[in-house]
Amino acid sequence: MDSIKSDKDSQESKSDTDRLGPDAWIDAAYAQFQEGGVSAVRIDPLAKYLDITRGSFYWHFKDRAALLRAVLTRWREEETERVIAANEAAGGDAGTRLLRLLHTCSSDDGRLEIGMRDWATQDKGAQNEIRLIDKSRIEYMTSLAEDAGVPSDVAKPRCRVAYLAWLGSYSDATATSHQQRQANMDTLWHMVTAK
């Protein structure tokens, strides 16, 4: 009797995991993307990790491409919209907010940034979305620079160069510490806000 109950409990538990929503798949895919880029996001390993059937995936997503688009949306929300909102909520004058933004952006290891951009070299849809994200980020930086008193005609090109330098900092083998990365961001801030 106990073994029958145990089997029934196991089936109910499996049935409960089969009802995981799309967010569970996106969370797992996002983590895999961060670890190994687009090639690491595979349905079978994700299903195994989630202890769920592969069929559950197709209940929520048409195909792998749809899951990858959801990962891209999550990245935009987490790494652009949430970062901007948190920076604004923390307050301070425009110069302070710009410096804080640069420090925030230099605090991670860049795996997602690098992985997303690598994917964009292979996928036109990802490339187009990342262009929009880049545009949004540069516009935000530019608005902060202008609010800090940088003339409009120089704020945008300076912010674009600073943004590209920030992205490039992820491949800088000479910046070995968090403090060095922050010092680099301080230099960028001075370059952008110079009058």
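All residue numbers in this chain count up from 1 along the given sequence.
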K.L.:
Can Gln180 and Asn184 be counted as having a side-chain donor-acceptor contact under 3.5 angstrom?
P.N.:
yes

K.L.:
Closest heavy-atom contact between His60 and Leu20?
P.N.:
NE2-O, 2.7 Å

K.L.:
Hey, is the main chain of Glu77 close enough, under 3.5 Å, to the side chain of Thr80 for a donor-acceptor pair?
P.N.:
no

K.L.:
Checking Thr104 side chain against Arg100 main chain: does a donor-acceptor pair fall under 3.5 Å?
P.N.:
yes

K.L.:
Is a donor on one side and an acceptor on the other found under 3.5 Å between the side chain of Trp75 and the backbone of Tyr30?
P.N.:
no

K.L.:
Answer yes or no for Arg64 and Trp119: cation-pi contact, defined as NZ/CZ to six-membered ring centre under 6.0 Å and angle to ring axis within 45°.
P.N.:
no

K.L.:
Work out which heavy atom in Arg54 is nearest to a heavy atom in Tyr58; give both atom names and the distance.
P.N.:
NH2-OH, 3.0 Å

K.L.:
Determine whether a donor-acceptor pair (N or O, by modelled atom type, separation under 3.5 Å) exists between the side chain of Arg181 and the backbone of Ser106.
P.N.:
yes

K.L.:
Give me the atom names and distance for the closest heavy-atom approach of Ala66 to Asp63.
P.N.:
N-OD1, 2.9 Å

K.L.:
Please name the pair of heavy atoms, one in Thr142 and one in Lys156, separated by the smallest distance, quoted to 0.1 Å.
P.N.:
OG1-CA, 3.6 Å

K.L.:
Are Ile52 and Val71 connected, step by step, through hydrophobic side chains (Ile, Leu, Val, Met, Phe, Trp, Tyr) whose heavy atoms are closer than 4.5 Å?
P.N.:
yes

K.L.:
Side chain of Arg117, backbone of Leu167: donor and acceptor closer than 3.5 Å?
P.N.:
no

K.L.:
Answer yes or no: is there a donor N or O on one side and an acceptor on the other, between the side chain of Asn87 and the main chain of Arg97, under 3.5 Å?
P.N.:
yes

K.L.:
Of all heavy-atom pairs between Ala162 and Leu188, which one has the smallest distance, and what is that distance?
P.N.:
O-CD1, 3.6 Å

K.L.:
Looking only at heavy atoms, which two atoms of Phe61 and Ala70 are closest? And how far apart?
P.N.:
CE2-CB, 4.1 Å

K.L.:
Would one find more than 12 heavy atoms of other residues, nucleotides or ligands at under 6.0 Å from atom CZ of Arg76?
P.N.:
yes

K.L.:
Whether the side chain of Ser136 engages the backbone of Leu132 through a donor-acceptor N/O pair (distance < 3.5 Å, no angle test) should be reported.
P.N.:
no

K.L.:
Any chance you could measure Leu101, atom CG, to Ile84, atom CD1, to the nearest 0.5 Å?
P.N.:
7.5 Å

K.L.:
Is it true that Phe57 and Trp25 have ring centroids separated by less than 6.0 Å?
P.N.:
yes

K.L.:
Quick check for you: to the nearest 0.5 Å, what is the distance between Leu99 atom CG and Gln182 atom CD?
P.N.:
8.5 Å

K.L.:
Sequence neighbours left out, what passes salt bridge (charged side-chain N to carboxylate O under 4.0 Å, His left out) with Asp118? Give chain and number order.
P.N.:
none

